[in-house]
Amino acid sequence: MSTGMVVVLTGVVFFLLTCVAILDIARKDFGSIQMKALWGFLVAVVPFIGVIIYFLIGYKKGKRPVAEGPAD
């Protein structure tokens, strides 16, 4: 595998991880809109490192909203 192919595949992987992180941030509650915006800004603006920091630290901090049951 050539060096160019490795660079492209690495970029694609980090792009997909960034998309997953942004969707996860959008779905979770971080306690305040400022914290949610901070995580989103970090992931979107700081390439490569922002995604890694989010998955190491921020992923566990956010809480998924409780899904309500079906209405009777």
Side-chain angles (χ1 to χ4, degrees):
M1 191 181 291
S2 69
T3 306
M5 182 70 80
V6 170
V7 170
V8 169
L9 288 176
T10 303
V12 169
V13 167
F14 271 100
F15 174 74
L16 293 174
L17 285 173
T18 301
C19 291
V20 169
I22 289 172
L23 289 173
D24 190 61
I25 291 167
R27 290 183 183 137
K28 286 187 177 176
D29 179 22
F30 287 91
S32 71
I33 193 69
Q34 289 85 6
M35 283 305 297
K36 184 180 261 196
L38 180 66
W39 280 114
F41 183 78
L42 179 74
V43 168
V45 174
V46 182
F48 304 110
I49 298 170
V51 173
I52 294 170
I53 291 172
Y54 176 72
F55 282 118
L56 289 176
I57 300 171
Y59 186 76
K60 296 174 186 156
K61 291 194 183 254
K63 295 182 178 108
R64 292 210 180 268
V66 178
E68 296 186 22
D72 290 330

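As a basis for the values below, the full set of heavy atoms in this structure was taken, side chains included, without hydrogen atoms, waters or symmetry mates. Source: prediction; values computed, not measured.
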Could you pull out all donor-acceptor pairs under 3.5 Å where a side-chain atom in residues 37-49 meets a protein atom, sequence neighbours excluded?
none

Distance-only donor-acceptor pairs under 3.5 Å for side chains of residues 13-27, two or more places apart:
residue: Thr18; atom: OG1; partner: Phe14; partner atom: O; Å: 2.8
residue: Asp24; atom: OD1; partner: Arg64; partner atom: NH2; Å: 3.0
residue: Asp24; atom: OD2; partner: Lys28; partner atom: NZ; Å: 3.2
residue: Asp24; atom: OD2; partner: Tyr54; partner atom: OH; Å: 2.4

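Under the 4.5 Å side-chain heavy-atom criterion for Ile, Leu, Val, Met, Phe, Trp and Tyr, Ile33 and Phe30 are members of distinct hydrophobic clusters.
Residues satisfying the side chain to side chain contact (heavy atoms under 4.5 Å, CB included) criterion with Ser32, sequence neighbours excluded, are Gln34, Met35.
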